[in-house]
K.L.:
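One structure, as structure tokens, below. Some questions next.
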Amino acid sequence: MKTIVRWVNDMTMVGESASGHAIVMDGPKEAGGNNLGIRPMEMLLLGMGGCTTIDVMSMLKKMREEVRDCRAEISAERADDHPKVFTKIHIHFVVEGVNLDEKKVGKAIGLSADKYCSASIMLGKTAAVTHDFEIHE
């Protein structure tokens with residue numbers, strides 16, 4: 001896997017993926033940025049959320065669960081001192097569907113957290129990663 005991050009100006013950068021997609025990253029005005037894009041540390045959380053949601057949806061589909069919507073609401077805390085790594089990350093899944101089996105949803109989330117989601121497992125090396133879920137019909 002290879003990516004490129006190009007500096008534009010001030011604290012603004014454009015990240016380009018090997019798959020041909022791009023995203024603007026920037027810092028807040030108080031740090032010399034222009035607030036034109038997502039913060040790089042936010043991007044880490046979004047990547048983790050995308051990784052685990054793909055896992056969960058893939059497994060629930062294989063389990064033949066009828067999911068209409070799934071979202072991962074992620075909250076995180078960072079260290080006060082440099083390096084300001086994530087110290088706590090909590091993922092709250094909200095899964096909507098028809099007659100969803102609570103055990104299957106829990107199993108899919110647990111397998112993602114413990115075995116499949118490389119992003120959350122990697123971030124779990126510095127942060128306590130927890131998760132829970134709720135189901136809506």
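All values reported here derive from a predicted model rather than from experimental measurement.
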K.L.:
Mind jotting down which residue pairs meet the side-chain hydrogen bond (donor to acceptor under 3.5 Å, both in side chains) criterion with at least one end in residues 118-129? Sequence neighbours excluded, please.
P.N.:
none

K.L.:
Indicate whether any N or O donor in one side chain lies under 3.5 Å from an N or O acceptor in the other, for S112 and T52.
P.N.:
yes

K.L.:
State yes or no: do I54 and L111 share one hydrophobic cluster built from I, L, V, M, F, W and Y residues joined by side-chain heavy-atom distances below 4.5 Å, directly or via other members?
P.N.:
no

K.L.:
Who are the side chain to side chain contact (heavy atoms under 4.5 Å, CB included) partners of M57, not counting sequence neighbours?
P.N.:
T53, V67, C70

K.L.:
Could you tell me which residues satisfy side chain to side chain contact (heavy atoms under 4.5 Å, CB included) with D114, sequence neighbours excluded, listed by chain and number?
P.N.:
none

K.L.:
Could you list the donor-acceptor pairs under 3.5 angstrom formed between side-chain atoms of residues 40-51 and any protein atom two or more places apart in sequence or on another chain?
P.N.:
| unit_1 | atom_1 | unit_2 | atom_2 | d |
| --- | --- | --- | --- | --- |
| E42 | OE1 | R39 | N | 2.8 |

K.L.:
Which distance, rounded to the nearest 0.5 Å, do you find between the CE of M1 and the OG of S17?
P.N.:
9.5 Å

K.L.:
For D55 and C117, indicate whether the former's side chain and the latter's backbone hold a donor-acceptor pair under 3.5 Å.
P.N.:
yes

K.L.:
Can you name the closest pair of heavy atoms from A76 and I89 and give their distance?
P.N.:
CB-CG1, 4.1 Å

K.L.:
Is there a side-chain contact between N9 and N34 (heavy atoms, below 4.5 Å)?
P.N.:
yes

K.L.:
Under the side chain to side chain donor-acceptor pair (under 3.5 Å) rule, collect the residues that match up with R78, sequence neighbours excluded.
P.N.:
none

K.L.:
With clusters defined by side-chain heavy atoms of hydrophobic residues (ILVMFWY) lying less than 4.5 Å apart, directly or transitively, does I121 cluster with V56?
P.N.:
no

K.L.:
Check whether any side-chain heavy atom of M11 lies under 4.5 Å from a side-chain heavy atom of M25, and answer yes or no.
P.N.:
no

K.L.:
Over all heavy atoms of both residues, which pair between E96 and L100 is shortest? Give the atoms and the distance, please.
P.N.:
C-CD1, 3.7 Å

K.L.:
Enumerate donor-acceptor pairs with a distance under 3.5 Å from any side-chain N or O in residues 130-137 to protein atoms, sequence neighbours excluded.
P.N.:
| unit_1 | atom_1 | unit_2 | atom_2 | d |
| --- | --- | --- | --- | --- |
| T130 | OG1 | H90 | ND1 | 2.7 |
| D132 | OD1 | H90 | NE2 | 3.2 |
| D132 | OD1 | H92 | ND1 | 2.5 |
| D132 | OD2 | H90 | NE2 | 3.4 |
| E134 | OE1 | H136 | NE2 | 2.5 |
| E134 | OE2 | H92 | NE2 | 2.5 |
| E137 | OE1 | N99 | N | 3.0 |
| E137 | OE2 | N99 | N | 3.4 |

K.L.:
Quick one: CG on D26 to CE on M13, what's the gap to the nearest 0.5 Å?
P.N.:
6.5 Å

K.L.:
Give the minimum heavy-atom separation between T12 and V24, together with the two atoms involved.
P.N.:
CG2-CG1, 4.1 Å

K.L.:
Enter the distance from I74:CD1 to I91:CD1 here, rounded to the nearest 0.5 Å.
P.N.:
5.5 Å

K.L.:
Can you confirm whether more than 12 heavy atoms, excluding those of E16, are under 6.0 Å from its CD atom?
P.N.:
yes

K.L.:
Counting neighbours of NZ on K104 that are heavy atoms of other residues, nucleotides or ligands and sit closer than 6.0 Å, is the number greater than 12?
P.N.:
yes

K.L.:
What distance separates E77 CD from D80 CG, expressed to the nearest 0.5 Å?
P.N.:
9.5 Å

K.L.:
Measuring from atom CD of E73 to atom CZ of R71, what distance do you get when rounded to the nearest 0.5 angstrom?
P.N.:
4.5 Å

K.L.:
What are the two closest heavy atoms between V14 and A22, and how far apart are they?
P.N.:
CG1-CB, 4.1 Å

K.L.:
For residues M63 and K107, determine if any side-chain heavy atom of one lies less than 4.5 Å from a side-chain heavy atom of the other.
P.N.:
yes

